[in-house]
Amino acid sequence: MTALRSLRLKKNADRRLKAGHLWLYSNEIDTKATPLKDFAPGEQAQVEAANGKALGVAYVNAHSLICARLVSRDPGMLLDRSLLVHRLNQALALRQRMFDKPFYRLVHGEGDLLPGLIVDRYGDVLVVQLNTAGMQAQLEPLLDALDKVVSPSVVVLRNDTSGRRQEGLESQVEVVKGTLPEAVELEENGVRFVAPVLDGQKTGWFYDHRVNRAWLNQQVAGKRVLDLFSYVGGWGVQAAASGASEVLCVDASAPALERVADNAALNGLHEQVAVGEGDAFEALAALKADGEQFDVVILDPPAFIKKRKDIPAGERAYGKLNREAMRLLGRDGLLLSASCSMHLAPERLVDVVRGAARHQDRHAQLLFQGHQGPDHPVHPAIPETAYLKALGVRVFRD
């Protein structure tokens, strides 16, 4: 076995690790004893407490704010093909317990004890993101491990995330195994979709809202629905499949809207689903000016808050969005308000919706509070792994 160099912590800097956390910050390292600059990006090290006691194995990147991520609490267990196979089997067992078809997030980074790794599964197609230097260093063992555990026909690398830039890694999108079919299909809540895995957002699809969509699907029969930030129609097409009389999907991306139309047609719903291209705020204003009203409005915007310093401006944006959306609801409507901003606390989203309703002199009732599905498990020691929020809100007048 390869002998690892030590990464020594300052006094009392081991408390978070002992509580279950996996991250180490550069200000927690005793850089006199073990200089961070001596480690190559992605190199594995034995983490030691200030008294020299071994705490586990982490991979290191001195160029990242999170300078080390723990991969094992056994000082003799490195991140290699063997550990990857073990962790992948653990992850697969959870998904097979939760889902009867192979469409899900197979690996959710820290939530599956594989920090820096995302794997989404579309049947025999896997889409992989390596977001850290430590995971990038394991590419070949990882591909071997995925072959052993899942035996995919196709593996796509979607290494084009902002996190890679912060780690000093290059952007890269390529098919590294097999031949990608023209249409990569998935099924969610009984509805079929094609996911743009090479050029869509993230890995091509957002499995995280599956449970929240299932709840909304029960509320839309016979309703007129507006789906803002629709992307390829995850919410809107499912609403139509669940009996909505009419769905308007709005997105700023023309290619995304073409895929909305394709996904509607795939399910025989092209007559119920219409699309509109444009900025969400401008679309809301135009619909209001035209006197349009909807029974249900869905808000699933991109993250308005990416860093802590964005919180004030981001909360104002969420407030404006929810206020303008409520103006399009009839006297007794339903708002689905979501946020994927990790820095927006769940109670703050409730405050945003409450404030928006009062601004319109309406009443609000919280009917549903949702979060990410079980294929996006939350690490209980890492609040950052719990990022998704969805509120089902009845908005009505006396």
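We number each residue from 1, following the sequence as shown.
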Task: Residue pair V47, L9: steps toward the side-chain contact (heavy atoms from CB on, under 4.5 Å) verdict - done: CA-CA 7 Å; V47 180; L9 302 184; 4.1 Å; yes
Task: Sidechain-backbone polar pair: K389 side chain, S341 backbone, donor-acceptor under 3.5 Å - done: yes
Open item on the list: Using the rule that Ile, Leu, Val, Met, Phe, Trp and Tyr join whenever any side-chain heavy atoms are under 4.5 Å apart, tell me whether L55 and V60 fall into a single cluster.
Closed with: yes
- [ ] Would you check if Q219 and L367 make a side-chain contact, meaning some heavy-atom pair closer than 4.5 Å?
- [x] no
- [ ] Can you see which heavy atom on N61 is nearest to which on A133, and at what distance?
- [x] ND2-CB, 3.7 Å
Open item on the list: Are L24 and L70 packed together at the side-chain level, in the sense that at least one heavy-atom pair is separated by less than 4.5 angstrom?
Closed with: no
Open item on the list: Any salt bridge linking R164 with E167? Criterion: basic side-chain nitrogen under 4.0 Å from a carboxylate oxygen.
Closed with: no
TODO: Specify whether H376 and H108 have parallel, tilted or perpendicular ring planes, treating 30° as the upper limit for parallel and 60° as the lower limit for perpendicular.
DONE: tilted
- [ ] Could you check whether the rings of H363 and F396 sit parallel, tilted or perpendicular, using 30° and 60° as the cut-offs?
- [x] tilted
Open item on the list: Would you say that L84 contacts L146 through its side chain, given a criterion of any heavy-atom pair below 4.5 Å between the two side chains?
Closed with: no
Task: Proximity of W205 and F193 rings by center, below 6.0 Å - done: yes
- [ ] Could you tell me whether R348 and D351 make a salt bridge, using a distance below 4.0 angstrom between a side-chain N and a carboxylate O?
- [x] yes
Task: Expected output: side-chain D30 to main-chain A50 donor-acceptor under 3.5 Å - done: no
Task: Hydrophobic cluster identity match, L228 and V220, side-chain contacts under 4.5 Å - done: no
- [ ] State plainly whether one hydrophobic cluster holds both L391 and L328, where clusters connect Ile, Leu, Val, Met, Phe, Trp and Tyr through side-chain heavy atoms under 4.5 angstrom apart.
- [x] yes
- [ ] Would you please test L284 and L321 for side-chain contact (heavy atoms from CB on, under 4.5 Å) and show each step?
- [x] CA-CA 9 Å; L284 285 168; L321 182 65; 3.9 Å; yes
- [ ] Verify, without hydrogens or angle tests, whether R158 (side chain) and K202 (backbone) share a donor-acceptor contact under 3.5 angstrom.
- [x] yes
Open item on the list: Between L130 and L142, is there a side-chain heavy-atom distance shorter than 4.5 Å?
Closed with: yes
TODO: Give, for atom OG of S162 and atom CG of N131, the distance between the pair rounded to the nearest 0.5 Å.
DONE: 8.0 Å
Task: Nearest heavy-atom neighbours spanning A303 and C340 - done: N-SG, 3.5 Å
Open item on the list: Can you confirm whether R87 sits close enough to L117 that some side-chain heavy atom of one is under 4.5 Å from a side-chain heavy atom of the other?
Closed with: no
TODO: Give a yes or no on whether the backbone of I311 and the side-chain of E315 come within a donor-acceptor separation of less than 3.5 Å.
DONE: no
Open item on the list: Using a 3.5 Å distance criterion without hydrogens, assess whether the side chain of Y318 forms a donor-acceptor pair with backbone atoms of V353.
Closed with: no
Open item on the list: Could you check whether any side-chain heavy atom of L106 comes within less than 4.5 Å of a side-chain heavy atom of L92, counting everything from C-beta outward?
Closed with: yes
- [ ] Check whether more than 12 heavy atoms from other residues, nucleotides or ligands sit under 6.0 Å from atom CD of E174, and answer yes or no.
- [x] yes
Open item on the list: Closer than 3.5 angstrom, by distance alone: can the side chain of N322 be matched with the main-chain N or O of A325 as a donor-acceptor pair?
Closed with: no
- [ ] Assess whether atom NZ of K177 is packed by more than 12 heavy atoms of other residues, nucleotides or ligands within 6.0 Å.
- [x] yes
- [ ] Go through E48 and S6 one step at a time and tell me if the side-chain hydrogen bond (donor to acceptor under 3.5 Å, both in side chains) criterion holds.
- [x] CA-CA 7 Å; E48 297 178 351; S6 297; 2.7 Å; yes
Task: CD on E170 to CZ on R165, rounded to 0.5 Å - done: 12.5 Å
Task: CG-CZ distance between N12 and R15, expressed to the nearest 0.5 angstrom - done: 4.0 Å
Task: Electrostatic pair E28:K10 at N-O distance under 4.0 angstrom - done: no
Open item on the list: Using a 3.5 Å distance criterion without hydrogens, assess whether the side chain of D227 forms a donor-acceptor pair with backbone atoms of G236.
Closed with: yes
Open item on the list: Would the distance check show the side chain of D310 and the main-chain N or O of K307 forming a donor-acceptor pair, the cut-off being under 3.5 Å?
Closed with: yes
Open item on the list: Using a strict threshold of under 4.0 Å (side-chain N to carboxylate O), is an ion pair present between D112 and R95?
Closed with: yes
TODO: Over all heavy atoms of both residues, which pair between P115 and E110 is shortest? Give the atoms and the distance, please.
DONE: CB-OE2, 3.3 Å
Open item on the list: Can you confirm whether R73 sits close enough to L22 that some side-chain heavy atom of one is under 4.5 Å from a side-chain heavy atom of the other?
Closed with: yes
Task: L7 CG to Q44 CD distance, which is reported to the nearest 0.5 Å - done: 12.5 Å
Task: No-hydrogen, no-angle side-chain donor-acceptor test under 3.5 Å, D300 and H209 - done: yes
Task: Worked check of side-chain contact (heavy atoms from CB on, under 4.5 Å) between V260 and D251 - done: CA-CA 10 Å; V260 170; D251 200 276; over 6 Å; no
Task: NE2/H21: more than 12 non-hydrogen atoms of other groups inside 6.0 Å - done: yes
Open item on the list: Do L143 and L139 have side chains that approach each other closer than 4.5 Å (heavy atoms only, starting at C-beta)?
Closed with: yes
Open item on the list: Using the rule side-chain contact (heavy atoms from CB on, under 4.5 Å), only one of L334, L226, V395 pairs with V297; which is it?
Closed with: L226
TODO: Look at the side chain of D80 and the backbone N and O of S82, then say whether any donor-acceptor pair between them is shorter than 3.5 Å.
DONE: yes
Open item on the list: Taking F206 as the starting point, is it possible to reach V125 by hopping between hydrophobic residues whose side chains are less than 4.5 Å apart?
Closed with: yes
Open item on the list: Would you compute the distance between atom SG of C249 and atom CH2 of W235 and round it to the nearest 0.5 angstrom?
Closed with: 12.5 Å
Open item on the list: Show the nearest heavy-atom pair for residues Y231 and G200, with the distance to one decimal.
Closed with: OH-CA, 3.4 Å
TODO: Using modelled atom types only, decide if a donor and an acceptor are shared between the side chain of T385 and the backbone of H379 within a distance under 3.5 Å.
DONE: yes
TODO: Check whether more than 12 heavy atoms from other residues, nucleotides or ligands sit under 6.0 Å from atom CZ of R5, and answer yes or no.
DONE: yes
Task: Interatomic distance, L335 atom CG to L216 atom CG [nearest 0.5 angstrom] - done: 10.0 Å
Open item on the list: So that I can tick it off, tell me whether K288 and E324 are bridged by a salt bridge, with the cut-off set at under 4.0 angstrom between side-chain N and carboxylate O.
Closed with: no
Task: Pair Y122 + Y207: ring centers closer than 6.0 Å - done: yes
Task: CD/E347: more than 12 non-hydrogen atoms of other groups inside 6.0 Å - done: yes
Open item on the list: Assess whether a salt bridge exists between R210 and D375, defined as any Lys/Arg side-chain N lying under 4.0 Å from an Asp/Glu carboxylate O.
Closed with: yes
Open item on the list: Grouping I, L, V, M, F, W and Y whenever their side-chain heavy atoms are under 4.5 Å apart, do V149 and F99 come out in a common cluster?
Closed with: yes
Open item on the list: As a quick check of understanding, evaluate side-chain contact (heavy atoms from CB on, under 4.5 Å) for R16 and Y25, giving each step before the final call.
Closed with: CA-CA 11 Å; R16 279 186 314 105; Y25 294 96; 3.4 Å; yes
Open item on the list: Please identify which of these residues, R327, R323, R354, M326, meets the side-chain contact (heavy atoms from CB on, under 4.5 Å) condition with H359.
Closed with: R323
Task: Flag for Q129-T161: side-chain donor and acceptor within less than 3.5 Å - done: no
